[in-house]
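Order of the sequence lines fixes the chain letters, A, B, ..., with proteins taken first and strands second; residue numbering starts at 1 for each chain.
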Amino acid sequence: MVAPRLLNKIVATADGRAGRIVEVEAYEGARDEAAHTFRGKTARNAVMFGAPGHLYVYFSYGVHWCGNVVCAPEGVGSAVLLRALEPIAGLEAMRMARGLRIVDRDLCRGPGRLAQALGMTGADTGMDVVAASSRIQFLDDGTPPPKALRGLPRIGISRSMALPWRWIVPDNRFVSRGPGKVAE
DNA sequence: TTAGAGATGATC
DNA sequence: ATCATCTCTAAG
């Protein structure tokens, strides 16, 4: 599972907004009923069946955008949901996008907030986050992912709840929720 | 501090 | 009908 390796990587925008990834969830079509790709390829989820390193951004509950990165070889239909960032640069631009009174901790805590803070929308679906020319890029400043990680239950799903595919940077105050219970 | 409900639209 | 959510409001 490559998802936990995204922890501590950096997401940056061309206009100087940046945050460190502190929480992710994996979704994998074939064995995961909660994945958008579980029922096969459609117009909406097609990018997830494509090459890794590309964004899949979908509209959730009629209100929020949520950003994922394709993290499996072509044809698999798998991606990783970005659930929380620790803001490290461009906080004022994030506040401009989210609301001027939002405190630092709430800027990118939760997938919908994170997307709003970075200005991520459906228009960004398909973007190559490894290419240096992209508006949104993933960077590695050398900080390794945490060791001895344990998968936790995912949040806000009603199927495949036993799959422990949520990972957080332990004790980081920018994660969207506490560790929660591990599925039995 | 926590709990509940409503908003709102794409998808199948 | 079902959601990979957030915010507000009200109560404790």
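Within the structure, every side-chain polar atom (N or O) of A:Ser60 is placed at least 4.0 Å from both OP1 and OP2 of C:dC6. OP1 or OP2 of C:dA4 lies within a sub-4.0 Å distance of a side-chain N or O belonging to A:His36. For the pair A:Arg159 and C:dA4, the criterion of a side-chain N or O lying under 4.0 Å from OP1 or OP2 is not met. For C:dT5, the OP1/OP2 oxygens have a side-chain nitrogen or oxygen of A:Arg83 closer than 4.0 Å.
Set against C:dC6, B:dC12, C:dT5, the side chain of A:Arg113 has C:dC6 as its closest nucleotide. In this structure, the nucleotide among C:dA4, B:dC12, C:dT5 sitting nearest to the side chain of A:Met48 is C:dA4. Nearest nucleotide to the A:Asn68 side chain, out of C:dC6, C:dA4, B:dA7: C:dA4.
Toward the 5′ end of DNA chain C lies the nearest nucleotide of A:Ala34, the other residue of the pair A:Gln116 and A:Ala34 mapping further downstream. When each of A:Thr37 and A:Arg98 is assigned the nucleotide of DNA chain C bearing its nearest heavy atom, the one mapping closer to the 5' terminus is A:Thr37.
If you check every strand for non-hydrogen atoms under 4.0 Å, A:Arg154 touches nothing. Counting non-hydrogen atoms under 4.0 angstrom, A:Leu81 reaches a base of the nucleic acid.
Rounded to whole angstrom, the span from the CD1 atom of A:Ile102 across to the P atom of C:dC6 amounts to 12 Å. The distance from atom CG of A:Leu114 to atom C1' of C:dT7 is 17 Å, rounded to the nearest whole Å. B:dG6 atom P lies 16 Å from atom NE2 of A:His64, rounded to whole Å. Between the CD1 atom of A:Ile157 and the C1' atom of C:dT2 there is a distance of 14 Å, rounded to whole Å. Spacing between atom CH2 of A:Trp65 and atom C1' of B:dT8 amounts to 13 Å, rounded to whole angstrom units. Rounded to whole Å, the distance from CG on A:Leu82 to P on C:dA4 is 16 Å. The CG atom of A:Leu107 sits 13 Å away from the P atom of C:dC6 (whole-angstrom rounding). Protein atom OH of A:Tyr61 is 5 Å distant from nucleotide atom C1' of C:dC3, rounded to whole Å.
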Test side-chain hydrogen bond (donor to acceptor under 3.5 Å, both in side chains) applied to A:Arg83 and A:Ser176, step by step = CA-CA 7 Å; A:Arg83 286 199 55 91; A:Ser176 68; 3.2 Å; yes

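Counting distance only, with no hydrogens placed and no angle test, the side-chain atoms of A:Tyr58 and the base atoms of C:dA4 include a donor-acceptor pair under 3.5 Å.
Of the options A:Arg98, A:Arg95, A:Arg109, A:Arg173, a salt bridge (charged side-chain N to carboxylate O under 4.0 Å, His left out) to A:Asp104 is made by A:Arg95 and by none of the others.
The ring of A:Phe59 does not lie on top of the base of B:dA10; it is either too far (5.5 Å or more) or too tilted (30° or more).
In this structure, the side chain of A:Arg166 does not engage the main chain of A:Ile155 through any donor-acceptor pair within 3.5 Å. When atom types are taken as modelled, the side chain of A:Ser78 and the backbone of A:Tyr27 share a donor-acceptor pair closer than 3.5 angstrom.
In this entry B:dT8 has no Watson-Crick or G-U wobble partner, no candidate having both defining distances under 3.5 Å.
Between A:Phe59 and A:Trp65, the ring-plane angle classifies as tilted under the 30° and 60° cut-offs.
No cation-pi contact links A:Arg20 to A:Phe174, judged by a cut-off of 6.0 Å to the six-membered ring centre and 45° from its axis.
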